[in-house]
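Computed from a predicted structure; not experimentally measured. Chain naming here is simple, since letters A, B, ... match the order of the sequence lines and numbering starts at 1 in each. Any value given below was found using the heavy atoms of this structure, including those in side chains, with hydrogens, waters and symmetry copies removed.
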Amino acid sequence: MENTNDRKEKSARFSRRELLKSLATLPLVGAFAYGYYKKNKYERILNSNIISELGMNQNSIEFADKPVKGKLIRLGLVGYGIRGEQLMRGAGFAHPEWIDEVMKSAIENPSDKRYDEFIEQEDLNLQVNGICDIFDVHSDRAIAAASNNGRKGTSKAVKGDIKRYKTYKELCSSKDIDAIIIAAPDHWHGPITIEAARNGKHIYCEKPMTWTVPETYIVRDEVKKNNIVFQLGHQGRQTESYIKAKEAIDKNILGKISLIEVTTNRNSPNGAWVYPIHELASEKTIDWAQFIGQAPWHEFSLERFFRWRCWWDYSTGLSGDLLTHEYDAMNQVLGLGIPKYATSSGGIYFYKDGRTVPDVLQTVFEFPDKDLTMLYSATLSSDKDRGKVIMGHDGSMLIGETLTILADRESTRYGEKINQKIIDPSQPIYSYIPGRKNVDAVSSATEKYFAGRGLLYTYRNGKRMDTTHLHIREWIDTIRSGGTTSCNIDRGFEEAITAHMGTIAYKEGRRVEWDAEKEKII
Amino acid sequence: MDKKYSNAQLIMLVILRVSIGWHFLYEGLVKFSNPNWTSIGFLVDSKGLFENLFKAMANNIKVVPFIDFINLWGLMLIGLGLIVGLFSRPALISGIVLLALYYLSHPAIIGADYMMPSEGSYLFINKTLIELFAMCVLLVFPTSKLIGLDRLVFRNPSNKS
């Protein structure tokens, strides 16, 4: 009896010891939970402090999910070169060979999503009724693309009998066309827009809006007089980060802005407009006289036909081709309008291939009424990415695919919070990553690194969309439901005049002035 | 008991086990509490022999949620298991597998340059690999049946010490 009791006691003592050893590390879970709670709370307070200080909307931008429904819109296309082909895809019409190419590429490289993106692109209820391209091969390709309603590859696509117009004038006066996409060379933008507007066609025109100053006024008058829905081809208007940047500027997060720096950096023959020359191109397949149009006469030249951007005779150079994208982005974000003064410098420093337009260009625009300068700096022979930077007294903003705002070390507004260590001037106080569900100031280190390189949130959350498609869709939606486009004729007028001021300043080597009252460049 | 340790040996082994568990649990919780977290960025940044395999995973919309799920819950459960000493053996083995995958996607090979700057300098051997080997040590010097919930779970009534 005694023995059994003894054993029981022993076993009970043993159990207690046993239990203690079993549970010895359990309190550490409590310690962990406490530490985790403290760290989380610290980050939450930090985040809410910064976000409330900024007053930014924490949600990502909501876009209308579906295009506006409406009756069929019948399109005409002028120019099916590199850009014309991209625009047609944006409208939903891809060349069957392109479909083959991207299907094949998607199999070889799963990260190539071009095929999926295109197939998922909304149907805008469009029909192409006419095309006009003065090069037979391009014109043939345009017809094949325009009739590829079913978005099929070469094995299944059927080529329809879409009308080829020999001149843009015939296309513009056609009764079965409602709207025209213009992707001809720069020196043709003005004349075709004017003709289309006079015929009451809605217009999507590639940038720059015009090639000469005088036609800029006529384009504006005709588009307004004839109530045309006009969209200028700055598809950057659809970039999420630009839209969010505008919100930040409107909330005065950067304080007083004194300097904007925008840049172009490219470093390949293609980027410098040295495009390939098609093997079937000849005087027989190209309507050379029509190409020349209002440009000074030059004997037939394949180089000039395919690489027209390299000559002032047909082009607007860096000003019209690439500065305009940068300017329009800043005009969208800051509502700059036309600058008061422009000065330019640069030269042909790398591509000594007979071109007349510069391959390095710096243009400085002064906006004295807004107390700020916009500096544009471009080179076609270095790929160093310099981005777009807006500099204010309280902070600076870096705009790309993502948006990053940093507080300024010497900021008046954030000074106190910087001293209290709530704001760290070396870390973003705000970062916006397109496609992400929400916005915050304190995101994990890993996330910042990946996001800054544009690797996150492109494949999974939300759909990745082609901005060109969105820009065309906005134009089509506006034709159907009224209102105005984001890059309408007034924005186009500002863009064209600004680019012309930069070009004149470069060509004449002088400071060019804009007389806002008389609307004249002096 | 099949293992006999001195007190000092036992204490140091348990400290190592809890520390690794703590690290796993926190890595898991950080991902759990961030609704935007995804393994895509890490996978896309892969280098070395298996680079293409990991990149293909990142590009497969059907596979990514599965990888995310395994990582998130794997890290948290392994971490918790090691801290409290519950099911330590399976926890260690799965932890070793996870770490091996991390190392294979981001090996410290010559010429590999990753987006996340590392806080140290490594040649072939990095901290992921050291943590992996530390877990191997714990696998051959088990402690959870001495200090940990496994002592309760795997208690053998006839085995009295």
Side-chain angles (χ1 to χ4, degrees), chain A residues 7 10-11 14-15 17-33 35-37 39-40 43-44 60 106-113 116 431 433 435-440 442-464, chain B residues 10-11 14-15 17-19 21-23 25-27 29-45 52 55-61 63-65 68 79-80 82-86 114-117 119 143-155 157 160-161:
Chain A
R7 218 176 291 143
K10 254 187 182 173
S11 139
F14 175 77
S15 299
R17 226 180 76 194
E18 182 98 320
L19 206 64
L20 221 60
K21 282 189 172 178
S22 302
L23 304 179
T25 55
L26 214 55
L28 289 168
V29 178
F32 181 93
Y36 181 74
Y37 165 78
K39 184 158 178 173
N40 240 1
E43 285 181 353
R44 259 206 323 275
S60 59
I107 293 165
E108 284 162 8
N109 174 15
S111 65
D112 186 345
K113 300 281 178 202
D116 288 346
S431 51
I433 302 158
R436 215 174 101 155
K437 286 187 221 103
N438 46 27
V439 171
D440 63 1
V442 185
S443 47
S444 78
T446 339
E447 209 173 1
K448 262 182 239 159
Y449 275 103
F450 290 138
R453 282 152 186 82
L455 275 177
L456 279 189
Y457 319 110
T458 41
Y459 310 132
R460 203 163 65 143
N461 289 338
K463 258 196 285 185
R464 207 173 123 176
Chain B
L10 183 62
I11 287 167
V14 170
I15 287 175
R17 194 190 80 206
V18 170
S19 306
W22 188 290
H23 179 214
L25 180 59
Y26 188 64
E27 281 281 5
L29 266 174
V30 162
K31 295 168 176 62
F32 179 77
S33 59
N34 177 0
N36 295 305
W37 177 79
T38 159
S39 56
I40 290 177
F42 186 80
L43 291 170
V44 165
D45 194 27
N52 290 334
K55 284 186 178 167
M57 288 181 188
N59 284 311
N60 192 328
I61 291 171
V63 171
V64 168
D68 286 356
L80 209 56
L82 292 181
I83 293 177
V84 301
L86 182 64
Y114 300 103
M115 281 173 199
M116 278 290 284
E119 82 290 35
T143 53
S144 62
K145 287 180 188 166
L146 299 170
I147 303 287
L149 285 173
D150 281 343
R151 189 180 184 113
L152 269 184
V153 176
F154 298 99
R155 197 169 76 160
K160 286 172 190 154
S161 60

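- Proximity to chain A (any heavy atom under 4.5 Å) is shown, for B:V84, by both the backbone and the side chain.
- The side-chain hydrogen bond (donor to acceptor under 3.5 Å, both in side chains) check on A:Y36 picks up B:S33, with sequence neighbours excluded.
- Atoms OG1 and CG, from A:T25 and B:L82 in turn, are 10.0 Å apart once rounded to the nearest 0.5 Å.
- Counting heavy-atom pairs closer than 4.5 Å to chain A, the top residue among B:V153, B:L152, B:V18 is B:L152.
- Contact of B:L25 with chain A is made through backbone and side chain together, with heavy-atom distances under 4.5 Å.
- Residue B:T143 comes nearest to B:R17 through the heavy atom pair OG1-NH1, 3.0 Å, listed as atom of the first residue, atom of the second, then distance.
- Proximity to chain A (any heavy atom under 4.5 Å) is restricted, for B:V14, to the side chain, taken from C-beta onward.
- Applying the side-chain hydrogen bond (donor to acceptor under 3.5 Å, both in side chains) test to B:S144 and every residue at least two apart in sequence or in another chain returns B:S88, B:D150.
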